[in-house]
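A quick write-up on the structure given underneath.
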Amino acid sequence: MAETETCPLHFPSLEELSEVLKSGLQKNYAEVRVSVVDCPDLTHKPFGFPVKGLCGKPRIADVGGVPYLVPTARLDKIYNINTVAKKIELPGAYFLGAGAASHRSMGLNAELIFSVQAESTTTPAVNGNYVAHINPADGGCLLEKYSDKYSDCDFGLLSNVYASEGKPGKVLEVNVKKRTGEDNFVSCMKKTLLEHYGDRSVGMGGTFILQEGKAKLHIMPPEFSACPLNNDEDVNRWLKFFEMRAPLICQSVFVSHDPGLDLRLEHTHCFSHHGEGGHYHTDTTPETVQYLGYFHPAEFVYRIDKPSVTHTVGRD
Ligand code: ZN
């Protein structure tokens, strides 16, 4: 894996973030509650994570990037979560977030939904990742637990992850109902942080449940595009879009402002217990939508294997 750059992030208190996010969310949702709470035990349903919480040495990693997928896929770009854990100086870290599965392991292209604890010097990795890909039988979504078929902790091309020691502790609980604005749940929080903090970059990660309503998600086709994908229209013609239903459990990472690392500023992937999952765009049911999420700010962002040639295509 190529070089790693590190940048400290602005790290406000949870109490301050709670007030800032509340004011921004109130412009976009009819009902908003934001508070500082003890993180619920994330080993319990519907989460089923390998760790209890999101706390302890919180950091964000942006690995690879969309330029390794479009215009032309770089099949050589394979990464490993245990290696990433060492690169971010947190062996044994718990990771959640969004990325691409390893084409080498799976033999096809798939959305990767991260929930994995890396190995430490004393404990093996616990891989709770999910993968969503296109069902060859009917063109629909096929959601699987990665460890049901594969024993590695690899991924490919690009990923945005929030890492921590996975400990219990205080987090932000965000509960909103009925969307009145245009932005999706994550964009709304990201824009609110940008408006308040400007070029002081704030990064956050967490998990949220789309409790009621439906959402627009995409899944990459199993095969990489035979012809180059040169713009957003090409990418959107290539991707497969779905409307999926609640409850969806969404693993999310966002940064308010790019400190010059060519970051993807927002990335959310969802899984469920009814066979649906993929890359989250937005809910499609503003009248009835309800979200409940748990989030924590990160102290650092690590940029790993940043593409040397970049563009802004396909970052939605
Ligand atoms: Zn994605």
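Each ligand, and each atom within it, is numbered from 1 in the order the structure gives. Here the structure is a predicted model, which is why all the values come from computation and not from measurement.
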Could you walk me through whether Y68 and D76 pass side-chain hydrogen bond (donor to acceptor under 3.5 Å, both in side chains), step by step?
CA-CA 9 Å; Y68 294 153; D76 58 311; over 6 Å; no
With side chain to side chain contact (heavy atoms under 4.5 Å, CB included) as the criterion, how do Y29 and F185 come out once you've worked through the C-alpha distance, each side chain's angles and the decisive distance to 0.1 Å?
CA-CA 9 Å; Y29 293 90; F185 184 45; 3.7 Å; yes
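Shortest distance from the Zn ion (ligand 1) to H279 is reached at ND1 (N/O/S atoms only). When you scan the N, O or S atoms of H267 for the one nearest the Zn ion (ligand 1), you land on NE2.
Checking H218 against the Zn ion (ligand 1), every N/O/S atom stays at or beyond the 2.8 Å cut-off.
For the ring pair (Phe, Tyr, Trp, His ring centres under 6.0 Å) test with F208, the passing option among Y280, F254, Y294 is Y280; the others fail.
Donor-acceptor pairing under 3.5 Å is recorded for the side chains of S115 and Y94.
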